[in-house]
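The figures here come from the full heavy-atom set of this structure, side chains too, leaving out hydrogens, waters and symmetry mates. Labels below follow one simple rule: chain letters A, B, ... track the order of the sequence lines, proteins then strands, and each chain is numbered from 1.
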Number of protein chains: 2
Amino acid sequence: MASRSYGQYCGVTTAVELIGERWALLIVRDLLVGPRRYTDLKQGLPKIPTNILSTRLKELQEGGVVRRVPLLHCGLVYELTPYGRELEPIVLAMGRWGFQQMGDPSPDDIVTADSLTMALRTAFRADAASTLPPADYEVHVADVVLRVHVDPSGLKIAQLQPAGRPVDPRLGTQASVAGDPDIVFAAGPGIRRLISGELTPAAAIDQEVLAVVAGDATLLERFAETFRIEPGVVLAA
Amino acid sequence: MASRSYGQYCGVTTAVELIGERWALLIVRDLLVGPRRYTDLKQGLPKIPTNILSTRLKELQEGGVVRRVPLLHCGLVYELTPYGRELEPIVLAMGRWGFQQMGDPSPDDIVTADSLTMALRTAFRADAASTLPPADYEVHVADVVLRVHVDPSGLKIAQLQPAGRPVDPRLGTQASVAGDPDIVFAAGPGIRRLISGELTPAAAIDQEVLAVVAGDATLLERFAETFRIEPGVVLAA
DNA sequence: CCGGATCCGAATCGATACTG
DNA sequence: CAGTATCGATTCGGATCCGG
């Protein structure tokens with residue numbers, strides 16, 4: 001059951017046939033954070049019907065984008081193939097592009113750990129980070145807690161349980177979290193307006209879209225310099 | 001009738017809601033070549049049902065990706081907004097990504113002028129062109145005839161009618177075509193294997209995937225250096 | 001011809017229930 | 001945990017039709 005063909009012999013068409021079906025690119029987005037079990041994907045995409053999830057995973061495997069990896073005595077995970085991982089700059093660019101058109105959230109829109117992780121990756125400015133001192137942020141948005149480490153060499157994000165423990169390290173990509181963060185802050189979806197530059201950190205605190213829980217509040221300035229999406233700049237570096 | 005929401009507050013999700021529906025990105029691909037009338041789009045996407053085309057155009061307008069421009073006494077065209085044009089590097093990158101997975105064409109796969117134009121853009125290597133002398137190619141693939149001008153400043157592609165006349169210049173993006181091309185050659189879909197580096201020009205002629213109609217056959221080497229998609233290199237420059 | 005709108009059967013999607 | 005099975009709701013595809 002090949003996916004319905006567009007009837008053209010063209011690279012864009014082929015790409016859309018591979019990853020253009022509903023939900024497919026969101027599965028790829030989550031897998032770009034790290035390998036995930038079926039159940040992880042289902043939780044990260046709460047509105048996906050389970051039959052669609054399994055159908056997409058099969059199609060993505062057929063397309064060479066995803067593979068299924070058994071874990072010794074521990075179930076199995078899905079992960080991107082090297083070919084699938086080449087989608088990273090594309091997904092990041094799409095995130096930046098879509099970010100510009102985001103309005104305010106619908107009442108039932110949610111923020112997941114993987115989507116926020118990728119959002120920070122899309123907003124990360126390596127050039128800014130390379131000229132700034134290192135920093136460790138603990139970011140709370142809705143129920144998601146992220147430990148964000150920035151230094152001149154790049155960006156590392158670990159997902160913490162709301163309780164405070166890191167997720168299963170077997171699932172990879174999480175750097176071990178050492179020591180305390182330099183700042184802990186909590187935000188709502190309005191954090192978008194900080195990243196777009198629409199709000200300064202001070203204004204964000206004023207308008208209660210953001211609150212510093214602990215640590216050095218002045219680091220918010222550095223955060224806002226490090227993570228920003230400016231209109232018209234879509235290309236990954 | 002907002003498009004079905006994925007229920008997440010995330011840039012990638014927003015992007016997919018804007019351009020992820022069936023056919024949408026192919027419409028964008030064709031509009032990246034230049035403004036197009038409804039009928040042009042229908043011809044460039046022969047398998048699209050007309051109700052889907054009009055629905056997508058409405059959705060893309062609502063999303064701020066496309067706008068409808070009346071032409072004085074001459075009907076109307078659809079064109080990308082500046083925001084829509086920001087998709088260019090993304091579509092080019094997707095073209096490169098999909099190119100790697102393209103097999104041989106199905107018997108009923110076609111090549112359109114716009115898809116071939118974009119394919120050459122995806123394959124164009126500005127770095128190679130900047131060190132090579134200028135060249136003018138006339139490329140025939142199936143029924144499509146393209147006039148391809150390369151010089152160190154970049155790439156210009158004009159679509160010719162099979163008869164040899166340029167298309168309506170009102171529709172823009174076509175440079176005026178001056179003088180004769182340096183080489184005229186005809187190829188089938190197997191030109192893909194030249195661009196992938198799988199075949200040298202000499203081998204391509206040997207295997208009859210390509211034939212020189214007129215001009216300097218040695219220019220095929222330059223063509224093959226200028227247009228190439230190598231595995232793993234997806235990012236636009 | 002251009003720019004669609006309408007109708008209808010086929011395929012896909014979404015929601016829920018259920019299973020090894 | 002990792003999926004199938006089922007079934008109504010939507011969307012898609014193909015064809016036809018219509019006003020300018």
Side-chain angles (χ1 to χ4, degrees), chain A residues 1-8 13 16-17 19-27 30-31 35-62 66-79 108 167-168 170-171, chain B residues 1-8 13 16-17 19-27 30-31 35-62 66-79 108 110 161 167-168 170-171:
Chain A
M1 190 259 295
S3 66
R4 288 172 293 171
S5 166
Y6 290 93
Q8 301 198 352
T13 305
V16 171
E17 286 171 357
I19 53 165
E21 300 285 310
R22 215 169 146 66
W23 293 104
L25 207 64
L26 300 185
I27 294 171
D30 284 8
L31 291 180
R36 291 289 182 265
R37 285 176 295 185
Y38 185 90
T39 314
D40 300 327
L41 290 168
K42 192 167 58 168
Q43 288 187 356
L45 273 0
K47 294 188 60 176
I48 194 174
T50 65
N51 55 345
I52 299 296
L53 177 54
S54 63
T55 302
R56 290 294 170 271
L57 287 170
K58 264 175 240 160
E59 294 165 349
L60 290 170
Q61 284 172 77
E62 275 183 50
V66 161
R67 73 184 151 213
R68 205 177 195 263
V69 180
L71 249 40
L72 296 178
H73 309 95
C74 310
L76 61 92
V77 292
Y78 294 89
E79 67 176 18
D108 54 348
V167 300
D168 187 340
R170 278 198 320 258
L171 301 183
Chain B
M1 189 258 294
S3 65
R4 289 171 292 172
S5 167
Y6 290 94
Q8 302 199 351
T13 305
V16 171
E17 285 170 358
I19 52 163
E21 300 286 311
R22 210 167 152 69
W23 293 104
L25 207 63
L26 299 186
I27 294 171
D30 283 7
L31 291 179
R36 290 289 181 265
R37 285 176 298 185
Y38 185 91
T39 314
D40 300 327
L41 291 168
K42 194 167 56 168
Q43 287 187 358
L45 272 3
K47 293 188 61 175
I48 195 174
T50 67
N51 56 344
I52 299 295
L53 177 55
S54 64
T55 302
R56 289 295 170 271
L57 286 170
K58 264 175 241 161
E59 293 166 350
L60 290 170
Q61 283 172 78
E62 275 183 51
V66 161
R67 74 184 152 213
R68 205 176 195 265
V69 180
L71 248 40
L72 295 179
H73 309 95
C74 311
L76 61 93
V77 293
Y78 294 90
E79 66 176 20
D108 54 348
I110 60 165
Q161 303 294 352
V167 301
D168 187 341
R170 279 198 319 259
L171 301 182

Shortest side-chain distance from [X], nucleotide among [options]:
X: Tyr38(A); options: dG14(C), dA2(D), dG13(D); result: dA2(D)
X: Arg68(A); options: dC13(C), dA2(D), dG3(C); result: dA2(D)
X: Pro49(A); options: dG3(D), dG14(D), dA15(C); result: dA15(C)
X: Thr39(A); options: dG13(D), dG3(C), dA2(D); result: dA2(D)
X: Thr50(A); options: dC1(D), dC13(C), dA17(C); result: dA17(C)

Is there a side-chain polar atom (N or O) of [X] under 4.0 Å from OP1 or OP2 of [N]?
X: Lys58(A); N: dA2(D); answer: no
X: Trp23(A); N: dG14(C); answer: yes
X: Arg22(A); N: dG14(C); answer: yes
X: Arg56(A); N: dC13(C); answer: yes

For [X] versus [Y], what's the shortest heavy-atom pair and its separation?
X: Leu45(A); Y: Gln8(B); value: CD1-NE2, 3.6 Å
X: Ser5(A); Y: Lys47(B); value: O-NZ, 3.6 Å
X: Glu17(B); Y: Tyr6(B); value: OE2-N, 2.9 Å
X: Ile27(A); Y: Arg56(A); value: CD1-CB, 3.6 Å

In whole Å, I'd like the distance from the [atom1] atom of [X] to the [atom2] atom of [N].
X: His73(B); N: dG20(D); atom1: NE2; atom2: P; value: 19 Å
X: Leu76(A); N: dG3(D); atom1: CG; atom2: C1'; value: 10 Å
X: Leu53(A); N: dT12(C); atom1: CG; atom2: C1'; value: 16 Å
X: Lys47(A); N: dT10(D); atom1: NZ; atom2: P; value: 13 Å
X: Leu57(A); N: dC1(D); atom1: CG; atom2: C1'; value: 14 Å
X: Arg4(B); N: dT12(C); atom1: CZ; atom2: C1'; value: 8 Å
X: Ile48(A); N: dG14(C); atom1: CD1; atom2: C1'; value: 11 Å
X: Arg36(A); N: dC1(D); atom1: CZ; atom2: C1'; value: 16 Å

Euclidean distance, Tyr78(A) OH relative to Leu60(A) CG, rounded to 0.5 Å | 10.5 Å

Identify, between Ser54(B) and Gln43(B), the residue whose nearest nucleotide on DNA chain C lies closer to the 5' end.
-> Gln43(B)

Counting any heavy atom closer than 4.0 Å, what does Lys42(B) reach on the DNA or RNA strands: base, sugar-phosphate only, or nothing?
-> nothing

Ignoring hydrogens and angles, are the base of dG3(D) and the side chain of Asn51(A) linked by a donor-acceptor pair under 3.5 Å?
-> no

